[in-house]
Amino acid sequence: MPETNRSLADDVRARSPEQLRQLVLARPDLMQGGTVDVSGLAARAASRASVQRAVESLSADALRVLETLLVTDGDGAAAAARLGVDTAVIGEFADLLWTRALLWRRDSALVATRSVSELLLPRATALAEHDALDSAPLTLPTVGRAGVDRSVTDAHAGQAALDLLRHIESLADWWQNNPPRVMAKGGVSVRDHKRLSTELALAEPAAAFVAEIAHAAGLVADDHDVEPTWLPTSAYDDWLDTSPAHRWSVLIDAWWAMLRAPSLVGTRDAAGTTVNLLGSGAAWPMMRQRRHDVLGAVAEAGLNVAVDAGDVDDLLRWHRPLRLPPGTPTRSADVLAEAQWLGLVADGQLSTAGRALLDDRCGAAALEPLLPTLIDHLLVQADLTAIAPGPLRDDLRRLMGAVADVESSGGATVYRFSSTSLRRGLDAGWSAPDLRDRLSAASLTPLPQALDYLIDDVARQHGVARIGAASCYLRSDDETLLDALLADRNTEPLQLLRIAPTVVVSRLPAARMLTLLREAGYSTLGEDASGTVAATGAVQHRAPVPRPPSPVVTTAVSDSAAERFVADLLARNGSAPGESAGDPAVTVDLLLDAAAAGLPVRVGYVDTAGNIKRVTLRPTGVDGGRVTGTVGESVRTIGVHRITDVSPA
């Protein structure tokens with residue numbers, strides 16, 4: 001290291017290509033802003049904005065050493081004595097701070113950059129006055145407790161992921177048939193949020209997470225109709241046709257990039273207004289980085305170490321003490337809850353899926369082994385129940401969801417058949433023979449006679465009335481049924497008009513009429529113009545797929561990118577050491593350094609007549625775009641924009 005460094009700029013210019021590369025890797029923002037040479041790099045490294053970013057990224061131990069060096073005027077031995085550590089420890093931290101250009105070396109002294117002193121000296125002085133610097137610990141906090149075996153964690157995580165996939169299917173089915181209205185201010189009303197929570201059998205925060213992550217993944221959206229509602233999108237249909245592992249990976253990617261905080265739903269904003277589900281109030285871009293930080297902290301706690309939100313808070317505050325001082329909310333508990341619902345954290349520790357996400361290899365292939373083995377059979381019993389001894393394969397689970405109701409769940413799921421549930425299956429398009437064959441194939445026990453009779457009985461009464469499109473019409477050979485339909489006050493919104501003893505018409509579309517009649521308790525079927533039974537399920541309207549959030553932008557740079565950047569800087573490094581060739585950032589930096597050190601510089605500038613002048617100036621201050629100093633015995637003020645070059649005197 002040269003013994004003649006007069007400033008940070010001299011120090012940076014004296015660094016080797018490898019040392020410059022380490023500087024850029026430690027402070028990647030230095031690669032931005034059109035830096036043209038090493039002098040420009042030094043000027044940017046000294047700028048207040050860049051220094052503040054660098055200081056805020058320091059961990060508690062490095063920050064404490066830097067503050068101690070500030071109050072001891074860079075005396076490493078005095079700093080070591082104050083912190084109660086060996087001088088070698090201070091030397092290691094000093095090397096780190098020098099690498100980041102927060103300190104520079106003048107002869108054997110350590111000098112903090114001008115912006116570092118401006119930012120930290122008042123705080124460091126206050127801490128020193130209260131003896132808060134003395135014997136401060138310089139070791140990472142020990143947190144957590146002994147965790148469970150990794151296989152147990154992965155089993156719990158896989159089950160959580162499977163539950164989430166099913167909840168999203170339930171949400172899509174519910175909103176397909178009962179689409180909630182988009183509020184005038186955006187989002188879902190509190191009432192519809194509560195209904196969704198009841199339908200999913202989840203607490204409202206968990207239901208909010210299911211809806212928010214489904215929206216983030218483009219699976220549900222505002223349909224932008226005249227009277228807009230929330231509906232599944234066409235992307236949901238594509239997603240549903242993929243493997244469970246792929247569906248899980250899509251949700252993980254959406255969560256990792258999500259700019260919203262589902263945990264804000266139901267809280268009050270600054271104006272005292274309730275934050276609605278999928279509303280603008282739940283947008284919080286900082287949550288994305290916080291998710292990354294929290295999962296990183298859980299990983300840092302170590303393998304087979306379980307942590308809670310308090311442990312994570314301790315680690316976050318250690319790594320970012322200036323950004324997260326005591327009392328600042330970290331939302332660690334919210335992130336951990338989301339990660340647990342998503343199967344990234346279980347039993348207080350990262351699952352294999354969580355570690356794969358941090359390693360950027362969280363694809364379907366990595367997730368597949370973590371999901372529970374799905375079974376393709378169940379036990380149908382004589383009391384009209386069926387027992388699934390484990391998680392069912394998608395096709396069988398969807399069938400049971402259509403024709404039976406869940407009576408209890410846990411290690412095994414108990415389903416119950418009823419007239420209502422079987423009618424629901426027939427409405428979805430199953431015929432009695434197909435339903436009987438499918439259940440017989442899936443059951444390890446013969447179908448009981450009671451279920452056989454119930455299926456036939458429901459099928460015999462199903463579809464007595466049929467709906468078609470005229471605008472539309474409803475016909476039935478049972479005139480008594482049409483009499484009851486016309487007399488029913490619940491059907492008044494259908495605006496039915498009888499045009500024949502067996503035919504009534506309505507102004508509503510056929511699909512809408514079909515849905516409303518079924519909701520009113522009437523068993524109906526759709527038919528085409530030839531009288532043939534058409535699709536019996538309601539027409540599936542789909543919302544447009546929402547635009548995904550902008551990709552995650554990181555400030556980290558690769559070794560190769562930093563190496564190319566430094567090589568380019570050195571190739572274009574035309575100015576002599578300590579000179580500015582007109583770059584305003586370099587010019588201001590050199591003038592500030594000269595003013596701080598009381599040193600004269602040669603300044604070239606253009607006067608008001610357009611003539612180029614050159615003077616030896618001893619700067620005393622730089623402010624408001626002007627430099628003030630003495631030229632000989634007189635005081636001179638020159639606009640920085642007029643300066644063409646600066647060099648040592």
Side-chain angles (χ1 to χ4, degrees), residues 166 169-170 173-174 176-178 199 201 240 374-409 412-468 474-478 480-481 484-485 511 513-528 531-540:
R166 293 171 180 172
E169 283 190 47
S170 297
D173 289 343
W174 175 248
Q176 170 62 44
N177 298 314
N178 305 274
E199 180 65 21
L240 199 59
L374 303 180
I375 62 175
D376 60 357
H377 60 271
L378 41 76
L379 304 171
V380 180
Q381 304 187 110
D383 61 351
L384 297 182
T385 62
I387 299 175
L392 296 176
R393 207 170 58 187
D394 284 340
D395 56 347
L396 183 55
R397 175 177 55 81
R398 290 166 189 162
L399 167 66
M400 294 303 295
V403 302
D405 297 313
V406 175
E407 193 167 82
S408 65
S409 58
T413 303
V414 178
Y415 295 91
R416 178 167 292 280
F417 298 100
S418 67
S419 298
T420 302
S421 67
L422 289 171
R423 187 178 298 113
R424 187 172 66 232
L426 296 176
D427 287 344
W430 287 93
S431 67
D434 289 344
L435 180 56
R436 186 181 292 106
D437 291 344
R438 185 67 184 90
L439 289 174
S440 296
S443 178
L444 296 181
T445 57
L447 287 190
Q449 194 175 50
L451 181 58
D452 245 347
Y453 287 161
L454 183 60
I455 292 174
D456 288 339
D457 186 50
V458 172
R460 191 179 307 111
Q461 302 175 42
H462 187 257
V464 174
R466 299 187 177 189
I467 291 177
L474 182 149
R475 69 179 181 87
S476 174
D477 294 332
D478 188 347
T480 304
L481 172 64
L485 191 64
M513 185 173 176
L514 177 64
T515 300
L516 292 177
L517 280 175
R518 286 178 175 172
E519 289 178 353
Y522 292 92
S523 180
T524 55
L525 291 176
E527 66 178 21
D528 58 21
T532 303
V533 175
T536 55
V539 176
Q540 291 189 344

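For this chain, numbers begin at 1 and follow the sequence in order.
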Note: Ser431 and Leu426 closest approach over all heavy atoms is C-CD2, 4.1 Å

Return the minimal non-hydrogen interatomic distance between Leu392 and Arg166, and the atom names on each side.
-> N-NH2, 3.7 Å

Please walk me through it: do Phe417 and Leu439 pass side-chain contact (heavy atoms from CB on, under 4.5 Å)?
-> CA-CA 12 Å; Phe417 298 100; Leu439 289 174; 4.0 Å; yes

Minimal heavy-atom distance between Ala412 and Pro389, with the atoms involved, is CB-CA, 4.1 Å

Ala382 to Ala450 - nearest heavy-atom pair and separation | O-CB, 4.3 Å

Before accepting this row, confirm whether a basic side-chain N of the pair Arg424/Asp427 lies closer than 4.0 Å to the acidic partner's carboxylate O.
-> no

Let me see the working for Asn177 and Thr515 under side-chain contact (heavy atoms from CB on, under 4.5 Å), right down to the final yes or no.
-> CA-CA 8 Å; Asn177 298 314; Thr515 300; 5.8 Å; no

Taking all non-hydrogen atoms of both residues, which atom of Ile375 and which atom of Gly390 are closest, and how far apart?
-> CD1-N, 3.4 Å

Asp173 and Arg398 ion-paired at < 4.0 Å = no

Does one side chain, of Ser476 or Asp478, offer a donor that lies under 3.5 Å from an acceptor on the other?
-> no

Atom of Val380, atom of Pro448 and distance for their closest heavy-atom approach = CG1-CD, 3.5 Å

Picking from Leu516, Leu514, Leu485, what satisfies side-chain contact (heavy atoms from CB on, under 4.5 Å) with Tyr522?
-> Leu485

Mind running side-chain contact (heavy atoms from CB on, under 4.5 Å) on Asp395 and Asp376 for me, showing each step along the way?
-> CA-CA 9 Å; Asp395 56 347; Asp376 60 357; over 6 Å; no

Apply side-chain contact (heavy atoms from CB on, under 4.5 Å) to the pair Asp434 and Arg438, showing each step before the final yes or no.
-> CA-CA 6 Å; Asp434 289 344; Arg438 185 67 184 90; over 6 Å; no

